[in-house]
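Report on the structure given below.
All figures in this text were calculated on a predicted structure; none of them were measured in a lab. Indexing begins at 1, ligand by ligand and atom by atom, following the structure's order. Here, residue 1 is the first one in the sequence, and each next residue gets the next number.
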Amino acid sequence: MRGVVFPGDRRAEVRDYPDPAPGPGEVVVRMKASGLCGSDLHLYRQTAAQRAGNDTIPGHEPSGVVEMLGAGVDTVRVGDRVSVYHYRGCGHCKHCRAGNVMWCAERRGYGGPIHGADADLLLTDARNCLPLPGELSFAHGALMACAAGTAFSSMRKLRVSGEDTLVIFGQGPVGLCGLLVAKAMGGRVIGVDPIPERRALALGLGADAALDPAETDVVAALHDLTHGEGADLAFETSGSAAGQNGAVDCLRLGGKAVFVGFGVRQKTLNPAQFIGRQLTLMGSFVIPIYMYDDLARFILDHNLPLEEMVTHRFSLEEAPQAFTLFDQGATGKVILEWA
Ligand SMILES: [Zn+2]
Ligand SMILES: [Zn+2]
């Protein structure tokens, strides 16, 4: 099979790899769509020295068709259309049993430490294969494996309703998925992003307003848009210090925020910003595996136009161009697709 590798310094190459063979409980999935994610760029941007000897295939947003079954697999069949859950867990610890596979101490992520989805074939556990409804495309399946799942579980934590004004910092794929879910839940949604193409995408997908933090005092603008009170809810996807502070400072008294953007690693917030105002600040990380079916039902019931945020589609051979383009930030979702 062919697979992508990051040799370092913002380069991607396509190389030949041996085809994987499924062991007991495992399956091989033939990829049909694989999404590029902001978190891939952390690896893509490492130096050649940091990447030395690392030929792990990236890609943690897999969707495809089950091709081979290992011994003892009777929960999926060859030919099943699937979205593949984000982490392989041990399958038996208390977190795996509860469906919180992202908390498993032995979790293994595609792209590190195990081979990921930017390849013709993906080896995974049968229990990671989540049925993709016939009405949903493989691009949907790829989005559900990461961006849409992260956004959906976050919007559930915020319990968005028609009474809420929600501000979303960062209008990349996770922020745009949050926008679509929150609008379907009835919320009023204001997007924030310095990149004009992303603000335009947000407005096209139904944002009530889109603010440029380079041009506008976002906190003041949000107070103007909320009768001087501040936003009820905030969703921070940018991972920037400005976004993290903005998500706290724009809230009304007693407001709530969810943070999903990894980025800055130094401290950016001071508890003095949220103690007196009694804010609720939450982290969120991927999606529990049991929530996948609710996400699929939500997308179908609300006819969520997730594919409209896919702005660029490439073949596996074109992965170098795909990453060069995605790295520049002016895109919506970028996916690799197979015929
Ligand atoms: Zn992702
Ligand atoms: Zn486990």
Is there a path of hydrophobic side-chain contacts, each under 4.5 Å between heavy atoms, that joins V28 and W338? no
Mind reading off the angle at the Zn ion (ligand 2) between the SG atom of C96 and the SG atom of C104, rounded to 10°? 100°
So among T56, N128, D118, which one has a side chain to side chain donor-acceptor pair (under 3.5 Å) with Y110? N128
Hey, is there an N, O or S on H95 sitting under 2.8 Å from the Zn ion (ligand 2)? no
Where the Zn ion (ligand 1) is the centre, what is the OE2-to-NE2 angle for E61 and H60, rounded to 10°? 110°
So does C90 have any N/O/S atom less than 2.8 Å away from the Zn ion (ligand 2)? yes
Please confirm whether the ring centroid of H115 lies under 6.0 Å from the ring centroid of Y17. yes
Angular separation of C146 SG and C37 SG about the Zn ion (ligand 1), given to 10°: 130°
Between F169 and F235, does the ring centroid distance fall short of 6.0 Å? no
For F6, does the six-membered ring have the charged nitrogen or CZ of R51 within the cation-pi criterion, i.e. under 6.0 angstrom from the centroid and within 45° of the normal? no
